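In what follows, a structure is listed as structure tokens, so that the remarks can point back to it.
Computed from a prediction, not measured in an experiment: that's the story for all the values here. Each chain gets a letter, A, B and so on, in the order the sequences are listed, and its residues count up from 1.
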2 protein chains.
Amino acid sequence: METFFNYIRRYTEHPISEEELLSLQGAFKPRKIRKRQYLLQEGDVCRHLSFITKGALRQYTVDDKGVEHIVQFGIEDWWMSDRESFELGSVSSYNIDAWEDSELLQIHYDDWWEIRHSIPAMRILTAEMDKRHAVAAQKRIHAAITLTAEERYLDMLKHQPAFIQRFPQNMIASYLGISPETLSRIRKQAYLKNE
Amino acid sequence: METFFNYIRRYTEHPISEEELLSLQGAFKPRKIRKRQYLLQEGDVCRHLSFITKGALRQYTVDDKGVEHIVQFGIEDWWMSDRESFELGSVSSYNIDAWEDSELLQIHYDDWWEIRHSIPAMRILTAEMDKRHAVAAQKRIHAAITLTAEERYLDMLKHQPAFIQRFPQNMIASYLGISPETLSRIRKQAYLKNE
DNA sequence: AAAAAGTATTGATAAATATCAACTACTCAT
DNA sequence: ATGAGTAGTTGATATTTATCAATACTTTTT
């Protein structure tokens with residue numbers, strides 16, 4: 001829980017009262033989840049928002065052929081949820097599962113709604129999260145339509161090395177929208193270029 | 001301005017007082033912009049947020065080879081800005097220009113900040129916009145990494161037919177991240193399939 | 001320690017998409 | 001009306017990326 005409070009303080013200047021801290025502690029429930037365990041399955045409604053205090057998770061779809069397509073990775077200090085399902089109460093088409101044993105702080109939709117109204121700092125935090133999310137999404141979209149497979153990989157290596165270190169190569173390939181074989185070849189070439 | 005007020009009422013249940021309406025009228029300045037005129041140029045800082053009351057605009061980058069890459073279209077009831085530059089005050093790497101003669105309501109960053117604090121309905125509106133934006137971005141990212149060029153075009157035809165009607169084919173191709181020639185061939189094939 | 005399951009690499013080939021070039025149709029300004 | 005400039009199409013070819021198959025390497029399980 002300390003991790004989370006530090007995170008809040010880092011992203012909002014607004015002070016938080018003792019009372020508010022207690023209220024947050026009541027709303028966010030710690031949860032442990034083991035490797036390969038699901039946090040959300042396709043067909044479910046996503047009722048919780050999860051803050052990752054430890055571990056690594058991924059959000060993905062599975063297509064007709066059984067191939068997984070990863071849309072999002074999450075590690076410490078990231079939030080996980082299917083935003084669409086969470087906000088609209090719709091059935092999710094995504095799966096979220098743990099790639100490492102993980103620890104989360106989960107809040108139910110109703111409590112999240114309540115807390116954003118009663119605690120000013122949380123409203124600011126939400127706005128800040130949304131802003132960062134929007135900027136990141138814009139960049140990823142731009143990368144997807146303008147860059148080649150190799151450029152996208154190098155871009156990720158530069159801007160999100162943590163993901164590349166913690167997830168296996170086939171998942172990185174899926175996130176980049178390329179086949180594992182192609183990524184393997186790209187890495188080989190990049191390596192050869194640096195002698 | 002009426003268009004805009006209707007838009008606000010459509011997306012927020014929160015009532016707006018007479019006083020607040022006046023305050024909004026003061027903050028949003030009408031602006032006309034002619035076809036091919038720039039709203040934002042690469043290298044500028046994006047100081048305004050623009051609500052489109054009439055017309056069609058696009059946001060894009062230009063690469064080393066002079067090729068344009070469109071990341072966003074905007075028509076009536078859409079907002080245009082480089083979110084990153086607008087929120088962070090950083091130099092923009094995007095261009096925004098008008099494809100049709102257009103009419104906008106522009107608000108300066110400072111006023112936007114102010115109005116979101118003083119008018120509850122605007123705070124709700126912002127949250128709602130961010131939510132929709134996040135959901136749309138997630139979908140577009142998913143489409144980019146999972147779908148083929150043809151599937152992406154058909155997806156767009158289904159979900160955003162307005163764009164396809166109002167922008168020329170080479171711009172649609174750019175938005176989809178494919179060459180104009182490929183889009184031309186995809187359309188021919190799709191047409192042949194329907195006899 | 002051996003077996004099994006998952007992960008990464010490599011080669012051969014196929015499919016998707018880009019590029020280049022020529023041509024057609026269309027718009028629009030004079 | 002005419003010619004210049006855009007936009008779209010089509011064909012030939014090149015490049016990129018995917019797919020399939022075999023093998024090597026790692027990690028996990030027993």
>> Could you work out, with ring-ring contact (aromatic ring centres under 6.0 Å, His included) as the rule, every residue matching B:Tyr60, not counting sequence neighbours?
In response: none
>> Once you measure the plane-to-plane angle for A:Tyr109 and A:Trp113, does it fall in the parallel (<30°), tilted (30-60°) or perpendicular (>60°) bin?
In response: parallel
> Say you draw a straight line from CE of A:Met1 to CZ of A:Phe28; how long is it, rounded to the nearest 0.5 Å?
Replying inline: 8.0 Å
>> Distance alone, cut at 3.5 Å: any donor-acceptor contact between the side chains of A:Ser174 and A:Glu68?
In response: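 Note: A:Ser174 and A:Glu68 side chains miss the donor-acceptor criterion.
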> Any luck finding a side-chain donor-acceptor pair between A:Trp78 and A:Tyr7 under 3.5 Å?
Replying inline: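 Result is no, nothing qualifies.
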>> Under 4.0 Å from a heavy atom of chain B: give me the 5'-most and 3'-most nucleotides of DNA chain D that qualify.
In response: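 Using the under 4.0 Å cut-off, the span is D:dA7 to D:dA12.
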> Are any of the side-chain nitrogens in B:Lys139 or A:Glu84 under 4.0 Å away from the carboxylate oxygens of its partner?
Replying inline: yes
> Got a salt bridge between A:Arg185 and A:Glu181, using NZ or NE/NH1/NH2 to carboxylate O under 4.0 Å?
Replying inline: no
> Which residues pass the side chain to side chain donor-acceptor pair (under 3.5 Å) test with A:His142, sequence neighbours left out?
Replying inline: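 Partners of A:His142 under the side chain to side chain donor-acceptor pair (under 3.5 Å) test: B:Thr61.
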> With sequence neighbours excluded, what pairs up with B:Arg83 under the side chain to side chain donor-acceptor pair (under 3.5 Å) test?
Replying inline: B:Glu87, B:Asp130
> Taking A:Arg166 for the side chain and A:Gly55 for the main chain, is one N or O donor matched with an acceptor at less than 3.5 Å?
Replying inline: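 Present.
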>> Angle between the two end axes of the helix from C:dA1-D:dT30 to C:dT30-D:dA1, five base pairs per end, rounded to 10 degrees?
In response: 50°
>> Walk along nucleotides 4-18 of chain C from 5' to 3' and tag each nucleotide B, S or - by protein heavy-atom contact under 4.0 Å, base first, then sugar-phosphate.
In response: ---SSSBBB----SB
